[in-house]
Amino acid sequence: MSLSIRPLHPSIGAEVRGIDLRQPLSPAEIAAIEAGMDRHAVLVFPEQEIDDDQQVAFSRNFGEIELSVAGDLQKPEEKRLGIAFADVSNLDRHNAIKARDDRHRLFALGNRLWHSDSSFRAVPAKYSLLSGRIVPARGGNTEFADMRAAYDALEPALRAQAEELVCEHSMIFSRAQLGFTELSAAEREMCRPVRQRLVRTHPVTGRKSLFLSAHIGGIVGWPIPEARDFIRELTEHATQRCFVHAHVWRAYDLVIWDNRQTMHRVRPFADTVEKRDMRRTTIAGDGPTAEQAA
Ligand code: OGA
Ligand code: MN
């Protein structure tokens, strides 16, 4: 069977069949996936029973893997997975469910806010590849919002205003939204804000999109409350249901999203009761957006 791509939504999300991600891919298959990503921004690969090494090998087809050394509160000895992975499960290193008051659990609740991965890094992420190894019976969907369609739908005056702006992103800001404010001096140092353009241009398609994220805490040159209100308005606009595709997980789905043209969030589930073992590899982007012309 050859690779087929079936859209799941008018603008965002498609399902890919006819490929085995455990095997090395041909250049034609890699090109077809990249082209599918450029067009649909989110691709779902059902029934891909891969292990960690296979996930890393597959991910490398799309660029450099971003290592989870910075941008993660866990110390190396506390980690369940290798440094090529962001562990977005609700499990500790013994594969037990984290307690309600576990610090990493409370930190990870930030993933329930609409965001773009690693927008808090000087070089933000290109793709995220998330493998669902164990999924809960109910809840825990991942929702994706199309930031190209959201940009296109802005009033022209607002679009022109947004084009000029540069935002400050830090995990400190996203966590503070949920009242997670206890960070050590070293953690604060690791989370120093970085600047990103609010409107970015996709390197392949040339399409513009809104670069929004819960990590935004300010706009360069603006008073903070005005900036946060403005970002809140844009986020509300950009996450209207017409721009969103919700993914309902089955075990061994692998989902890839393009962080340069989408936001995502995970929806609630009984995370102190049910296991959700999700393993993410992340592909680094090409460079900072702050200097990029919109
Ligand atoms: C992520 C994330 C989504 C999820 O992996 O980047 O935000 O569904 N998680 O767990
Ligand atoms: Mn994320």
Side-chain angles (χ1 to χ4, degrees), residues 12-13 41-46 52 55-56 59 62 65-68 70-74 79-91 97-98 104-121 124-147 169-171 173-175 177-178 180 191 196 211-216 235 238-239 244-272 274-285:
I12 181 172
V42 177
L43 291 178
V44 177
F45 297 76
D52 288 359
Q55 182 170 342
V56 168
S59 302
F62 307 105
I65 294 186
E66 185 190 278
L67 301 181
S68 67
D72 187 328
L73 295 194
Q74 280 185 323
K79 284 188 192 288
R80 190 175 69 102
L81 308 174
I83 58 163
F85 285 85
D87 189 356
V88 289
S89 74
N90 60 338
L91 306 174
I97 294 176
K98 284 176 188 158
H104 300 120
R105 168 180 182 264
L106 299 177
F107 188 82
L109 288 177
N111 284 333
R112 295 189 186 181
L113 306 176
W114 286 108
H115 66 282
S116 176
D117 287 335
S118 298
S119 72
F120 53 82
R121 292 182 195 248
K126 177 188 177 190
Y127 295 165
S128 293
L129 301 91
L130 189 60
S131 169
R133 308 291 174 84
I134 301 174
V135 304
R138 283 167 53 87
N141 297 348
T142 308
E143 295 184 342
F144 298 94
D146 188 340
M147 294 299 106
H169 296 238
S170 165
M171 281 200 288
F173 302 136
S174 48
R175 272 49 196 179
Q177 290 195 41
L178 295 181
F180 188 106
C191 294
Q196 308 287 3
F211 194 22
L212 288 169
S213 189
H215 303 306
I216 296 176
T235 302
T239 57
V244 172
H245 170 68
H247 180 65
V248 182
W249 289 91
R250 297 147 297 194
Y252 286 105
D253 282 343
L254 182 126
V255 179
I256 313 183
W257 60 89
D258 186 342
N259 289 290
R260 302 168 301 183
Q261 36 188 6
T262 61
M263 279 204 290
H264 61 280
R265 66 173 178 177
V266 60
R267 303 298 290 144
F269 72 105
D271 76 302
T272 56
E274 280 198 85
K275 288 190 178 182
R276 185 171 185 270
D277 185 350
M278 312 297 285
R279 304 182 184 204
R280 191 185 91 210
T281 38
T282 314
I283 307 301

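Values reported hereafter were calculated over all heavy atoms of this structure, with side chains retained and with hydrogens, waters and symmetry mates removed. Here the structure is a predicted model, which means the values were calculated and not measured. Counting starts at 1 for both ligands and their atoms, in listed order.
The structure places OG of S116 at 8.5 Å from CD of Q196, a figure rounded to the nearest 0.5 Å. The line from OH of Y127 to CH2 of W257 is 13.5 Å long, rounded to the nearest 0.5 Å. Of the inter-residue distances, the one linking N90 atom CG with F269 atom CZ reads 4.0 Å to the nearest 0.5 angstrom.
Classification of E66 and K126 as a salt-bridged pair fails, no side-chain N sitting under 4.0 Å from a carboxylate O. We find that D277 and K275 are not joined by a salt bridge, their nearest charged nitrogen and carboxylate oxygen being 4.0 Å or further apart. A salt bridge between R279 and D52 is present, with a side-chain N of the basic residue lying under 4.0 Å from a carboxylate O of the acidic one. The pair R133-D253 does not count as a salt bridge, with every side-chain nitrogen at least 4.0 angstrom from each carboxylate oxygen.
Heavy-atom proximity to H264, at under 4.0 Å, picks out these atoms of ligand 1: 1 (C), 2 (C), 6 (O), 7 (O). Using a 4.0 Å cut-off to heavy atoms of R280, the atoms of ligand 1 that qualify are 1 (C), 5 (O), 6 (O). The atoms of ligand 1 that sit less than 4.0 Å from any heavy atom of D117 are 6 (O).
Which of T282, V255, N141, V266 comes nearest to atom 3 (C) of ligand 1 through a heavy atom is settled by distance: it is V266.
Of the candidates R138, R112, R276, R112 is the only one forming a salt bridge (charged side-chain N to carboxylate O under 4.0 Å, His left out) with D271.
The aromatic ring centroids of H245 and F144 lie 6.0 Å or more from each other. Aromatic pair W114/H264: centroids not less than 6.0 angstrom apart.
When only interatomic distances are considered, the shortest N/O to N/O separation between T142 and ligand 1 falls below 3.5 Å. Ligand 1 has a nitrogen or oxygen under 3.5 angstrom from a nitrogen or oxygen of R276.
Taking 4.0 Å as the cut-off, H115 counts as a neighbour of ligand 1 on heavy-atom distance. Put simply, no part of W114 is less than 4.0 Å from ligand 1, judged by heavy atoms.
Of all protein N/O/S atoms, those lying under 2.8 Å from the Mn ion (ligand 2) come to 3.
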